[in-house]
Number of protein chains: 4
Amino acid sequence: MDEEQVSRRPGGRSARVRRAVLDATLAVVADQGLDKFRVGDVAARAGVHETSVYRRWGTRQRLLVDALFHHSEAQMQIPDTGSLRADLVAFTHSLIGYLSSPLGAAFMRVMAVVNDDAMPDSRAELWRSRVDLARTMIDRAAARGEVREGTDARLVLEQLIAPLHFRVLLLREPLDEDLAEQLVDSLLRGIAR
Amino acid sequence: MDEEQVSRRPGGRSARVRRAVLDATLAVVADQGLDKFRVGDVAARAGVHETSVYRRWGTRQRLLVDALFHHSEAQMQIPDTGSLRADLVAFTHSLIGYLSSPLGAAFMRVMAVVNDDAMPDSRAELWRSRVDLARTMIDRAAARGEVREGTDARLVLEQLIAPLHFRVLLLREPLDEDLAEQLVDSLLRGIAR
Amino acid sequence: MDEEQVSRRPGGRSARVRRAVLDATLAVVADQGLDKFRVGDVAARAGVHETSVYRRWGTRQRLLVDALFHHSEAQMQIPDTGSLRADLVAFTHSLIGYLSSPLGAAFMRVMAVVNDDAMPDSRAELWRSRVDLARTMIDRAAARGEVREGTDARLVLEQLIAPLHFRVLLLREPLDEDLAEQLVDSLLRGIAR
Amino acid sequence: MDEEQVSRRPGGRSARVRRAVLDATLAVVADQGLDKFRVGDVAARAGVHETSVYRRWGTRQRLLVDALFHHSEAQMQIPDTGSLRADLVAFTHSLIGYLSSPLGAAFMRVMAVVNDDAMPDSRAELWRSRVDLARTMIDRAAARGEVREGTDARLVLEQLIAPLHFRVLLLREPLDEDLAEQLVDSLLRGIAR
DNA sequence: GGATAAGCGAGACGGTACGTCTCGTCTTTTG
DNA sequence: CAAAAGACGAGACGTACCGTCTCGCTTATCC
């Protein structure tokens, strides 16, 4: 009875399965790590049959990308404090937080490994939208005259965030919280007028 | 010394097998790409039995790390032109060349994916030795008074090379040759006294 | 009942695979002999993937036991002629026929070699059911007053059939057809004057 | 000094290796069982290099046959009590003892499994010599008039010992000590009323 | 007593088959 | 019709053990 009421809700069984699988995906990645992530485990954890996963997502990679990408989307916040330095530090802080989490690290590893045909949109598109979002910090600073003319916003952002990814993906070192200020300062002394 | 531990007789069967397999590994990675890299293919190409590969390297991953790591070692050159900017540009250029090659890109993907227990020495050790090598450029410049005091050499290097890895691993964009100068200049304006 | 547990749908893919593999097993044993029996050959012959065999039977040994055991079951006939001697002779004849066949000999070698944990039921259980079947011959004779009181039916049967197995397994001699009568007579009369 | 004296003894190093390996073979079979019998273990236990084993015996099977066969030879005793029944009972007793030991059981399994080309002499020859030895019991009894004329000594012996092998090889049941008398009596008297 | 043949130690390799792991697909039944 | 259930197809991985090969060295034997 109770069960039936649940199943009649808008979205019905399909939506429930989708949510359950995505949640289970995140849970398994967080618990087991990317290496031991198995589609079968996800299905079991979601209380769903493995075939249902494959029906919907087709491949393990697509499932991972779908789940992790949407999860990462919620994490991204562009601060607006009125000061470039403060903005960048805050932004970097939150990125450090994300990349230090199992899911954040896993997402980056997935992005590093995955073949492009497992991506919903093109890989370039995906990153562009994020960079565009982040560059508003630079643009606003430029409007305030805080930034040297001719500064390449994208390059600046990459010099800011690439070291974080570098450490997470390749060095596998924990990200120090101080890193945010160090990076931003090193960067600003270069680009500040 | 190291060589002797692996195989007592430099011309012996052992040494031949080792060389043949490592060469074949690089060849297969370059030809087929990392995804289609199969231990069996390597063995066939090396004219060696598959079990011999497993005997020595144990796993596909360890084989990849061994071959790609040693290959990458030969690529690293630290220039000494007398000018920090010229050194860094030259260094970055050669790194761009390496990372643009199939083997370079493959090595970075391997490093991003591989579990630490497939590594011969600790991952930290491995990178430290390279960073130490690279920082001689900075140290020399510091001795010449080209560098602001208090500059963190490691951080600087990471801000220089991380964007390259970032693009190769995550963006999958080709590395523009101009990038070298852009990065170095952006960096120097920050650290130059 | 048993069949239903293995595969719910008698005509389904599962059942087809099962039959095909068991048949192929017998065919390969008969053709190639036990030594050259390879799981891969069976799969190929059955038109089935090797993993499907391992999924179901787990090991080469279990597959052999399953196939040969069920095959042997169909061979066992208990005659009822009204005379103990005639019964035993007929029974022994058919056993000689079976043990002289490649499959019969192979089954005995398998039983001699196989570890108990490759057996579906306990080894004791398996033989008991057969002995129980065979002892009906003795029991009927006892009811007819043909047998000395106190005769141990099991022991008698073993003295009848063990020499056949002995020759097949250890001597590797062909079983003479006359052997049936010789054994039965020796058994019935004893050798003491 | 002492060492040198030992090594100069007739047979020298070779003979020492041979003995050590054969002893180790028996020990490993007795300890580990036939299934887990590995040539490498034997070599290790004998304090000898694996290659030395292969040099001499060529195959695992030949090593097993050699070691177990010679060991079994020492076990066989033909009693001479003056009474057929007593002789047979004593003989059977000792056979039960042997077959109940790990080495005895293992030897029979080896004989059941081994290909004939691993045998030093022909298989038939090997058994014949033993049967001939055993039949002296019957022959002596015949000379004493204890045995019905026309009795086939070989068949009788097989009916006596085959059940023991049957139980060891196929039933894997422990051999009861009483079995000796039961078998002998059943054999001597027959079961017909 | 020195040459020489036979055999051993050491270490890896060749080779065959086994069994495992996971992904992704297919079929049949069920709500 | 979509999902549950359960096996199958496919392909690679890694393992286990057998038996072989090469080389350097030691030991027994022969002249």
Side-chain angles (χ1 to χ4, degrees), chain A residues 3-4 7 12-14 16-17 36-41 43 47-63, chain B residues 6-9 11-18 36-41 43 47-61, chain C residues 6-9 11-18 21 36-41 43 47-63, chain D residues 4 7-18 36-41 43 47-63:
Chain A
E3 284 291 309
E4 286 206 11
S7 74
R13 187 161 55 167
S14 265
R16 246 182 316 128
V17 168
K36 296 182 187 161
F37 174 88
R38 308 282 175 257
V39 178
D41 296 350
V48 152
H49 202 272
E50 206 171 332
T51 18
S52 297
V53 177
Y54 280 110
R55 217 187 330 271
R56 233 171 237 280
W57 284 275
T59 72
R60 176 193 125 116
Q61 291 202 338
R62 272 210 263 272
L63 171 59
Chain B
V6 169
S7 138
R8 220 158 286 164
R9 295 173 286 280
R13 186 163 56 166
S14 261
R16 258 191 344 261
V17 167
R18 180 177 158 80
K36 295 181 188 161
F37 175 88
R38 309 279 174 262
V39 176
D41 296 350
V48 152
H49 204 275
E50 202 170 335
T51 37
S52 294
V53 178
Y54 280 112
R55 212 183 334 261
R56 227 176 238 278
W57 285 275
T59 71
R60 181 192 118 114
Q61 290 202 339
Chain C
V6 169
S7 139
R8 220 159 286 164
R9 296 171 286 280
R13 185 164 57 166
S14 263
R16 260 192 341 262
V17 167
R18 181 177 158 80
V21 170
K36 296 182 187 162
F37 174 88
R38 309 279 175 262
V39 176
D41 296 350
V48 151
H49 203 274
E50 202 170 335
T51 31
S52 295
V53 178
Y54 281 111
R55 220 185 325 262
R56 229 175 236 277
W57 285 276
T59 71
R60 180 192 120 116
Q61 290 202 338
R62 273 210 262 270
L63 172 58
Chain D
E4 286 205 13
S7 73
R8 274 195 203 130
R9 277 176 196 157
R13 183 165 58 166
S14 266
R16 248 181 316 129
V17 168
R18 179 177 160 79
K36 297 181 187 161
F37 174 88
R38 309 282 175 255
V39 177
D41 296 351
V48 152
H49 204 272
E50 204 172 333
T51 347
S52 296
V53 178
Y54 281 110
R55 228 187 316 267
R56 232 172 236 280
W57 284 275
T59 72
R60 178 192 123 118
Q61 290 201 340
R62 273 209 263 269
L63 172 58

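Just so it is clear, the values below take in all heavy atoms, side chains as well, and ignore hydrogens, waters and symmetry mates. We name chains A, B, ... by the order of the sequence lines, and we start the count at 1 in each one.
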Checklist entry - Expressed in angstrom and rounded to an integer, what is the separation of C:Asp41 atom CG from E:dC18 atom P? => result 8 Å

Checklist entry - If only side-chain N and O atoms of D:Tyr54 are considered, is one of them under 4.0 Å from the OP1 or OP2 phosphate oxygen of F:dG19? => result yes

Checklist entry - Which one, F:dG6, F:dA16, F:dC13, comes nearest to the side chain of A:Thr51? => result F:dG6

Under 3.5 Å between N/O atoms: give me all the protein pairs with nucleotides 4-7 of chain E, atom names plus distance.
from, atom 1, to, atom 2, distance (Å)
E:dG7, N2, D:Arg13, NH2, 3.4

Checklist entry - Which sits closer to the 5' end of DNA chain F, D:Arg38 or B:Gly40, going by the nucleotide each is nearest to? => result B:Gly40

Checklist outcome for this item: Between the CG atom in B:Asp41 and the CD atom in B:Glu50, the distance rounded to the nearest 0.5 Å is 9.0 Å

Checklist entry - Residues in side-chain contact (heavy atoms from CB on, under 4.5 Å) with C:Arg60, at least two apart? => result C:Phe37, C:Arg38, C:Val39, C:Leu64

Checklist entry - Just how far, in rounded Å, is P of F:dT20 from NE2 of B:His49? => result 15 Å

Checklist outcome for this item: To the nearest angstrom, the CZ-P distance between B:Arg60 and E:dC21 comes to 18 Å

Checklist entry - Can you tell me how far C1' of F:dA10 sits from CD of C:Glu50, to the nearest Å? => result 12 Å

Next on the checklist: Output the rounded distance in Å from CZ (C:Arg62) to C1' (E:dC18).
Outcome noted: 14 Å

Checklist entry - Do the side chain of D:Arg18 and the main chain of D:Arg56 share a donor and acceptor less than 3.5 angstrom apart? => result no

Checklist entry - Rounded to whole angstroms, how far apart are CZ on C:Phe37 and P on E:dG19? => result 10 Å

Item to check | For A:Thr59, side-chain hydrogen bond (donor to acceptor under 3.5 Å, both in side chains) partners two or more places apart | outcome: none

Item to check | 5′-ward residue of the pair A:Val48/B:Val39 relative to DNA chain F | outcome: A:Val48

Checklist entry - Of all the choices, F:dG14, F:dA12, E:dA17, which nucleotide is nearest to the side chain of B:Thr59 once you look at every atom? => result F:dG14

Next on the checklist: Between B:Ser52 and E:dG14, is there a contact of a side-chain N or O with OP1 or OP2 at under 4.0 Å?
Outcome noted: yes

Checklist entry - How many angstroms lie between atom CH2 of D:Trp57 and atom CZ of D:Arg55, to the nearest 0.5 angstrom? => result 11.0 Å

Next on the checklist: What is the separation between atom CZ on B:Arg16 and atom P on F:dC21, rounded to the nearest whole Å?
Outcome noted: 15 Å

